[in-house]
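Just below is one structure, and these are the notes that go with it.
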Amino acid sequence: MRAVQVPQAGGALELVERDVPTPGRGEVRVRVQACGVCHSDMFAKEGVMPATPFPIVPGHEVVGLVDEVGADVLGDWNLGDRVGVGWFGGACHHCDPCRRGDFITCENGRIPGVTFDGGYAEAVVVPADALAHVPEELSAEEAAPLMCAGVTTYHALRSSPARPGDRVAVQGVGGLGHLGIQFAARMGFEVVAVSRGREKEDLARKLGAHHYVDSEAGDPAQALAEMGGAAVVLATATSGEAISALVGGLDRRGQLLVVGAAETPLQVDAMSLIGPVASINGHASGTSIDSEDTLRFARLTDVRPMIETMPLEKAAEAYDRMMANDARFRMVLTTGQ
Ligand SMILES: [Zn+2]
Ligand SMILES: [Zn+2]
């Protein structure tokens with residue numbers, strides 16, 4: 001089969017021929033139709049995590065068809081079923097968090113494309129507990145980005161303290177943010193999009209934002225505070241400074257919800273948390289059933305990612321476009337299968 005791998009940490013993406021992998025006990029092989037290109041693919045590309053084995057095939061926004069079912073697979077997974085796999089690549093079911101039912105914080109959690117070969121390939125083998133059913137109404141290309149960018153924003157918002165009618169700010173109109181705005185609007189929040197410049201205002205409003213704050217035109221926290229403050233700020237930016245600048249825009253008991261892997265540290269004045277009893281929380285994607293909920297909600301409410309597709313062999317070009325922030329808004333690799 002064709003696969004795109006990173007030969008060693010920091011190496012270039014290269015198209016190679018590989019043997020089609022065989023599913024082991026509890027595993028399923030998926031014939032890949034589409035795979036999104038996520039900023040977190042750089043964890044594999046640059047070898048950020050010591051658990052990454054090289055060469056590695058990146059990709060954790062995978063949608064395809066069940067191709068082979070390994071021994072002892074439990075659950076309703078049959079040949080030809082359309083399935084998706086995201087950042088959650090299966091839990092160990094024996095560590096302490098798993099014993100408490102908190103599978104997303106599993107101490108031995110596996111990640112497709114980071115701790116084992118992922119979806120930049122014509123086939124991928126994953127544990128059955130990492131699979132989500134994909135509704136027929138969604139194309140593979142549309143469903144793929146929902147497996148990471150989608151579930152991350154949807155599950156973060158539905159697990160947050162914000163309730164319908166509350167004001168929710170979504171910082172950044174990019175891969176995560178353009179989905180976050182849609183989900184927040186469909187969930188019944190009063191949505192404030194926050195981004196640099198005016199360029200993305202029309203789009204943000206089309207996606208469902210009720211207000212738009214240009215973070216370069218003034219203090220974005222003050223702008224939020226003048227509206228009455230945000231119950232939740234969903235922070236998708238890759239800059240710690242940009243995220244930190246929004247803490248002052250939280251309402252009483254508001255929550256800054258960090259889902260973007262910022263490359264620089266957050267800096268926060270303690271009093272800006274103490275006075276309003278505000279908090280900063282991290283949020284890590286979701287398990288396979290959370291992904292399935294995301295897909296169902298997206299189908300029900302017509303949330304769709306904005307995508308640019310490229311064939312698998314152009315993975316390096318797609319990755320570079322994503323890293324250069326040129327993707328509008330998610331690059332998706334297709335295999336033609
Ligand atoms: Zn991702
Ligand atoms: Zn575990």
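Both counts, for ligands and for their atoms, begin at 1 and track the order of listing. Numbers here are sequence positions counted from 1.
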For this session: Check whether the ring centres of F189 and H210 lie less than 6.0 Å apart, and answer yes or no.
Result: no
For this session: Please test D96 against R99 for salt bridge (charged side-chain N to carboxylate O under 4.0 Å, His left out), starting from the C-alpha separation and ending with a verdict.
Result: CA-CA 5 Å; D96 283 1; R99 292 170 67 203; 3.2 Å; yes
Exercise. In degrees, rounded to 10 degrees, what angle do C98 atom SG and C92 atom SG make at the Zn ion (ligand 2)?
Worked result: 120°
Exercise. Do any N/O/S atoms of H94 come under 2.8 Å of the Zn ion (ligand 2)?
Worked result: no
Exercise. How about R2 and E313: do any of their side-chain heavy atoms sit closer than 4.5 Å?
Worked result: yes
Problem set entry | Atoms of protein origin (N, O or S) under 2.8 Å from the Zn ion (ligand 1) | C38 SG, H60 NE2, C148 SG
Exercise. Looking just at side-chain N and O atoms, do E14 and Q5 make a donor-acceptor pair shorter than 3.5 Å?
Worked result: yes
Problem set entry | Vertex the Zn ion (ligand 2), arms to C95 SG and C106 SG, rounded to 10° | 120°
Exercise. Does atom CG of N325 have more than 12 heavy-atom neighbours from other groups under 6.0 Å away?
Worked result: no
For this session: From the options V233, T236, L266, select the one residue that forms a side chain to side chain contact (heavy atoms under 4.5 Å, CB included) with V258.
Result: L266
For this session: May I ask you to check whether Y120 and D41 show a side-chain donor-acceptor distance below 3.5 Å?
Result: yes
